[in-house]
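Before any comments, here is the structure.
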Amino acid sequence: MTESLLLTADRGAVRTITVNRPDKLNALNAATLDALLAAFDAAAADETVRVIVLTGAGPKAFVAGADIAEMTDLPPVAGRDFSQRGQRLMRRIETFPKPVIARINGFALGGGLELAMACHLRVAADTAKIGQPEINLGLIPGFGGTQRLLRLAGRAATLELCLTGSPVVADRALALGIVNKVAAADALDEAIDALADQLAQAAPLALRGILDCIHVGGECAMEEGLAYETAQFGLMFATDDMREGTRAFLDRRKPAFAGR
Ligand code: COA
């Protein structure tokens with residue numbers, strides 16, 4: 001069951017996790033949320049994995065939202081539980097110790113945009129459509145969308161996307177700061193591979209330190225954030241990778257980082 005909801009493939013140190021419900025535009029039902037959480041836990045524990053790419057199966061959608069068919073008859077407490085289930089997954093991805101790239105190959109709507117925003121970097125095909133259309137269902141975003149979009153793109157864009165429910169095209173999402181890069185649909189894989197390979201060759205513990213600092217810093221006061229950065233910076237001096245990186249620079253050679 002779990003295997004059919006997700007596809008997982010490794011290319012070197014890059015693990016691609018694909019939401020695999022193309023006939024439902026990869027809508028997130030409860031079982032898919034659970035499968036994703038398990039897949040991220042497995043990727044965290046696997047030392048050979050250094051970077052995650054998250055995407056959707058088929059030519060049309062990254063993820064077209066939370067599963068509307070599953071939600072339509074839910075009683076209130078189950079609706080709250082569904083939101084918590086989604087938020088738990090998004091938080092796991094947001095605080096993941098390895099870089100996670102969203103490969104936005106089509107519609108990223110509702111829970112799909114929320115999933116993409118929980119990732120650390122977003123690369124979109126120029127054909128992608130991105131939005132928070134819950135208002136059209138008499139709903140509001142429930143997997144962190146109001147909060148992450150606000151922090152990512154500011155009040156004006158968040159109010160526009162959430163209040164109107166109208167999606168934006170990839171280039172506008174880029175201008176709003178919602179995605180990091182837009183690639184022609186037929187060049188999306190090339191762009192993803194280049195970015196993933198660059199991250200896969202970087203020092204894993206330093207990547208983790210950066211992810212931690214930015215995550216903590218986004219949620220605390222400046223003084224606390226600076227203190228946290230200093231502690232993480234000092235920790236890097238305990239790593240072989242820091243010695244290797246600095247020595248390789250001085251020796252004018254390419255460093256090889258072991259993640260220790
Ligand atoms: N939940 C459940 N099923 C969904 C879905 C979702 N969020 N989004 C799409 N699907 C299903 C459709 O019901 C349809 O299933 P069916 O063939 O069994 O009827 C299938 O995926 C294909 O979708 P369809 O609407 O026929 O494709 P389209 O190309 O005409 O339209 C969208 C694409 C994305 C514009 C449209 O599917 C849509 O608006 N989806 C809902 C987006 C949304 O509101 N997301 C937020 C949810 S909280």
Side-chain angles (χ1 to χ4, degrees), residues 1-2 4-7 17-37 54-94 102-119 122-150 152-153 157-173 176 178-179 182 185 188:
M1 175 87 178
T2 298
S4 65
L5 293 172
L6 297 183
L7 303 173
I17 300 172
T18 303
V19 179
N20 187 36
R21 300 183 73 207
D23 54 324
K24 298 292 178 193
L25 303 187
N26 305 315
L28 299 174
N29 57 11
T32 306
L33 293 172
D34 290 351
L36 278 166
L37 192 61
L54 181 59
T55 193
K60 277 178 77 170
F62 172 71
V63 166
D67 191 318
I68 298 167
E70 198 171 79
M71 285 191 297
T72 186
D73 292 324
L74 288 184
V77 172
R80 185 199 61 184
D81 290 347
F82 189 58
S83 169
Q84 282 180 340
R85 199 174 207 140
Q87 288 194 2
R88 191 162 54 239
L89 170 67
M90 304 310 162
R91 198 68 168 156
R92 176 70 168 127
I93 297 173
E94 182 173 59
R103 175 185 176 276
I104 304 177
N105 52 312
F107 291 111
L109 300 174
L113 176 54
E114 290 169 309
L115 184 64
M117 288 193 295
C119 298
R122 283 158 291 284
V123 181
D126 57 359
T127 49
K129 294 213 171 61
I130 291 169
Q132 296 286 168
E134 290 88 347
I135 187 67
N136 299 325
L137 304 168
L139 260 174
I140 71 167
F143 294 170
T146 57
Q147 302 307 299
R148 288 200 180 86
L149 190 55
L150 183 62
L152 197 59
T158 305
L159 285 164
E160 178 190 325
L161 265 70
C162 293
L163 292 178
T164 70
S166 304
V168 295
V169 295
D171 279 335
R172 176 115 198 277
L176 292 173
I178 297 171
V179 301
V182 175
L188 182 61

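Each ligand, and each atom within it, is numbered from 1 in the order the structure gives.
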Check your understanding: Is F107 in polar range of ligand 1, meaning some N or O pair under 3.5 Å apart?
Key ->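 No, since none of the N or O atoms of F107 sits under 3.5 Å from an N or O of ligand 1.
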Side-chain ([X]) to main-chain ([Y]) donor-acceptor, under 3.5 angstrom:
X	Y	result
T158	L149	yes
N105	A61	yes
D67	L28	no
N20	A57	no
R21	A27	yes
R103	L188	no
E70	A30	yes
D126	D171	no

Take [atom] and look for protein heavy atoms under 4.0 Å from it; say yes if you find one, no if not.
atom	answer
atom 23 (O) of ligand 1	yes
atom 26 (O) of ligand 1	no
atom 31 (O) of ligand 1	no
atom 18 (O) of ligand 1	yes
atom 48 (S) of ligand 1	yes
atom 36 (C) of ligand 1	no

Could you list which atoms of ligand 1 come closer than 4.0 Å to a heavy atom of [X]?
X	answer
L137	44 (O), 47 (C), 48 (S)
L109	34 (C), 42 (C)
E134	48 (S)

Tell me: protein heavy atom nearest [atom], and distance?
atom	answer
atom 7 (N) of ligand 1	A66 O, 3.0 Å
atom 11 (C) of ligand 1	K24 CA, 3.9 Å
atom 42 (C) of ligand 1	A64 O, 3.3 Å
atom 44 (O) of ligand 1	P133 CG, 3.6 Å

Review point. Excluding sequence neighbours, so at least two apart, what forms ring pair (Phe, Tyr, Trp, His ring centres under 6.0 Å) with F62?
Key: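 With neighbours one apart ignored, the set is empty.
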Check your understanding: Does L25 come within less than 4.0 angstrom of ligand 1, counting non-hydrogen atoms of the residue?
Key ->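 A heavy atom of L25 does come that close to ligand 1.
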Point to revise | side-chain hydrogen bond (donor to acceptor under 3.5 Å, both in side chains) contacts in which one or both residues fall within residues 75-90, not counting sequence neighbours | key: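 Pairs touching residues 75-90 that pass the test: D34-R85.
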Review point. So which bit of K60 gets within less than 4.0 Å of ligand 1, heavy atoms only: side chain, backbone, both or neither?
Key: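 Contact part for K60 vs ligand 1: side chain (C-beta onward).
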Practice item. Specify side chain, backbone, both or neither for A27, according to which of its non-hydrogen atoms lie closer than 4.0 Å to ligand 1. Key: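 Side chain only.
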Exercise for review: Could you pull out, from N26, I68, D23, the option with a heavy atom nearest to atom 14 (C) of ligand 1?
Suggested key: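 Selected option, by shortest heavy-atom distance: D23.
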Review point. To the nearest 0.5 Å, how far apart are CD in E134 and CZ in F143?
Key: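 E134 atom CD to F143 atom CZ measures 9.0 Å (nearest 0.5 Å).
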